[in-house]
Amino acid sequence: MRRRSLLIAVPAGLVTLAACGDEDSGSSNAGDSATPEASGTSAPPPPKIVDGPLPAITAGTKFDEKPTVAKGSGEPSKDLAVKTVIAGGGKAIAENDFVSANYLGQIWESAKVFDNSYDRKTPLVIQLAQGSIIDGWRYALTGKKTGSRVQFSVPPTWGYGEQGNEQAGIKGSDTLVFVVDVQDTFNAKSSAKGKEVPQDDAALPKVGTNTDGKAPSIELPKADALKKLVAEYVLEGDGAEVGAQDSVLVQYKGVVWDGGKEFDSTYGRKQLTSFSLQQVVKGWSQGLTGKKVGSRVLIVIPPDLGYGDSPPEGSGIEKDSTLVFSVDILAKM
């Protein structure tokens, strides 16, 4: 059982601890499309990985360009066929990492495209973890490097199983073909990589600027807690701005202003957290809206925008506490 983040809000706008589990870390905001999320069935044994056969990519052959893929010829492999079409030179992907990728998926027999992220102009950010994504993705992408284009075919066993995916028009007997352009990968050692911003205001906490994946320090001023929301860059990234309706993938650390006690941290859990800004306390949603991906942000949350007089039981947070967070915005989902 893994401790869950404190950040998910209850209807009253406060935050609550959960007994077990984690956020919807495999989610994307792709609407009703057939993203390659897991179907919830038990995992099959690992597949044998082979080189082919795989249908040709006939157009859109450059990295991150929407591909056109030919219809499958003959019978598809009963194993997992994987080909690195373009070899990237970035970080290697490990199982349980989060990946940011553009992709296209189609059915082998008909070449019907059932989903793609290129048209949405929003990469999928999803965890390569059992239960979060179909197993074909986990096995095909593990070990590949960012900057790579990977093509693979997924038999039903490592796809949507015998039940298929009716919404997407996928039958239980269909082999699927994917082309995936891997943009980035994130894990518990990831940090924001933005440009350092001077921290000149003596009335504000000072946050460490290390980018080695370790928890940054938070140095609190010897002064009364602030009673207003503060959201300032520590490291300013150059990614897209976060919108009020967006979901984000983050590293964070939270301490209480009075005394500096740490009450929550992804670094301590060694597990990144993803959530919608509609699910968290107001101080988080207001503080992160408009900030850029790739940034580290100092957020000071007064009680009326945080836990108020009803802090989570067992959190060690007193009533009406002002909270201080360091938040690394790794990706927008």
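Not measured: the values here are computed from a predicted model.
Without hydrogens or angle criteria, Ser321 side chain to Leu323 main chain gives no donor-acceptor distance under 3.5 Å. For the pair Lys193 (side chain) and Thr211 (backbone), a donor-acceptor distance under 3.5 Å is present. The backbone N or O of Asn210 lies less than 3.5 Å from a partner atom in the side chain of Arg296, making a donor-acceptor pair.
Both Leu298 and Ile218 are part of a single hydrophobic cluster, where members link through side-chain heavy atoms under 4.5 Å apart. Both Val85 and Val69 are part of a single hydrophobic cluster, where members link through side-chain heavy atoms under 4.5 Å apart. Residues Val281 and Val324 are members of separate hydrophobic clusters, defined by side-chain heavy-atom contacts under 4.5 angstrom among Ile, Leu, Val, Met, Phe, Trp and Tyr.
Take Asn102 and apply the side-chain hydrogen bond (donor to acceptor under 3.5 Å, both in side chains) test, not counting sequence neighbours, and it matches Asp64, Ser117. Shown here are the side chain to side chain contact (heavy atoms under 4.5 Å, CB included) partners of Ser73, two or more places apart in sequence or in another chain: there are none. Scanning for side-chain hydrogen bond (donor to acceptor under 3.5 Å, both in side chains) contacts around Asp224 gives an empty result, with sequence neighbours left out. Taking Thr175 as the reference, Pro76, Trp108, Ser153, Pro155, Pro156 meet the side chain to side chain contact (heavy atoms under 4.5 Å, CB included) condition, with sequence neighbours excluded.
Using cut-offs of 30° and 60° on the angle between ring planes, the pair Trp137 and Phe152 is perpendicular.
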Q. Is there a salt bridge (charged side-chain N to carboxylate O under 4.0 Å, His left out) between Arg120 and Asp115 once you walk through the steps?
A. CA-CA 10 Å; Arg120 293 193 293 272; Asp115 191 28; 2.8 Å; yes

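If you run side chain to side chain contact (heavy atoms under 4.5 Å, CB included) between Lys332 and each of Thr122, Val125, Val293, only Val293 comes through. Of the options Thr146, Asp97, Asp184, a side-chain hydrogen bond (donor to acceptor under 3.5 Å, both in side chains) to Lys91 is made by Asp184 and by none of the others. Of the residues Gln151, Lys144, Lys145, the one that meets the side-chain hydrogen bond (donor to acceptor under 3.5 Å, both in side chains) test with Thr84 is Lys144.
Between Tyr252 and Asp264, the side chains place a donor N or O and an acceptor N or O closer than 3.5 Å (distance only, hydrogens not considered). For the residue pair Gln251/Thr266, the side-chain donor-acceptor check at 3.5 Å is satisfied.
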Show which side-chain atoms of residues 229-237 pair as donor or acceptor with protein atoms under 3.5 Å away, not counting sequence neighbours.
residue	atom	partner	partner atom	Å
Tyr233	OH	Lys292	N	3.0
Glu236	OE2	Lys292	NZ	2.8

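Enclosure of atom CD in Glu318 is not indicated, since only 12 or fewer non-hydrogen atoms of other residues, nucleotides or ligands lie within 6.0 angstrom. Environment of CD in Glu219: sparse, with no more than 12 heavy atoms of neighbouring residues, nucleotides or ligands closer than 6.0 Å. The number of heavy-atom neighbours closer than 6.0 Å to CD of Glu109, taken from other residues, nucleotides and ligands shown, is 12 or below.
The shortest side-chain heavy-atom distance between Thr322 and Lys227 falls under the 4.5 Å cut-off. Using a 4.5 Å heavy-atom threshold, the side chains of Phe263 and Val256 count as touching.
Side-chain heavy-atom separations under 4.5 angstrom define the hydrophobic clusters, and Leu54 shares its cluster with no other residue.
Atom-to-atom distance recorded for Ser247:OG and Gln245:CD is 9.5 Å, nearest 0.5 angstrom. The line from CG of Leu249 to OG of Ser100 is 9.5 Å long, rounded to the nearest 0.5 Å. The CD atom of Gln271 sits 12.0 Å away from the OG atom of Ser265 when rounded to the nearest 0.5 Å.
Between Asp181 and Arg149 there is a salt bridge, since a side-chain N of the basic residue sits under 4.0 Å from a carboxylate O of the acidic one.
Taking the six-membered ring wherever Trp is involved, the centroid distance between the rings of Phe114 and Phe178 falls below 6.0 Å.
Contact between Gln183 and Pro123 at its shortest, heavy atoms only, is OE1-CG, 3.2 Å.
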